[in-house]
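Whatever order the structure lists ligands and atoms in, that order sets their numbers, starting from 1. Reckoned from all heavy atoms, side chains included, excluding hydrogens, waters and symmetry mates.
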Amino acid sequence: MSDVKQFTYDELNEHKTRDSLWLTIHKKVYDVTAFLDEHPGGDEVLLEEAGRDGTEAFEDVGHSDEARDMLLKMYLGELKASEFAKNTTTAANGSAQSGAPAPSPVRFLMPVMVLIAWWVYRQYFA
Ligand code: HEM
């Protein structure tokens, strides 16, 4: 059976209200409209993830297996592969997506600090 529906973020974005609320978790698309009033975590958090990738938000909470089973009832289809790169969770500010994150300055400074400490040590004990 290859009857699975494929969705784009444009389509998801047409369902961002209480009357029809879709979101995607782990590249699967769910209709959570009927679940809004039942969600133990409240409706606000679901509305916030409307039309975008809620994977991180969902996983951060550490949802139970029971919660994961509930998703089966809300399943609509898959997110189109061409949409995977568009992670709308953070794209709201319009910043360009540039592959790897910038290296932390602390990681860069660490070897320099070790060298300075070694040099100071030598000044006193050499
Ligand atoms: C449609 C997907 C979701 C389902 C089926 C779902 C289901 C559930 C269930 C059953 C619980 C009770 C605890 C548990 O069994 O883990 C729960 C709690 C919670 N959920 Fe969700 N959830 C969904 C999405 C989200 C999202 C996107 C967020 C965003 C942050 C979220 C935030 C929370 C929070 C904060 C709690 C804890 C509530 C508390 O204990 O006070 N959930 N959810």
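In this structure a side-chain-to-backbone donor-acceptor pair under 3.5 Å is present from Glu11 to Thr8. In this structure, the side chain of Thr24 does not engage the main chain of Asp53 through any donor-acceptor pair within 3.5 Å.
Pairing each heavy atom of Phe84 with each of Leu79, the nearest pair is CE2-O, 3.3 Å.
Ring-plane geometry between His63 and Phe58 is classed as parallel, the angle between the planes falling under 30 degrees on a 0 to 90 degree scale with a further cut at 60.
With values rounded to the nearest 0.5 angstrom, Glu56 atom CD is found 12.5 Å from Ile25 atom CD1.
Checked for salt-bridge contact, Lys86 and Glu83 meet the test: a charged N lies under 4.0 Å from a carboxylate O.
At a heavy-atom cutoff of 4.0 Å, ligand 1 is surrounded by Ile25, Val32, Phe35, His39, Pro40, Gly41, Val45, Leu46, Glu49, Ala57, Phe58, Val61, His63, Ser64, Ala67, Met70, Leu71, Met74.
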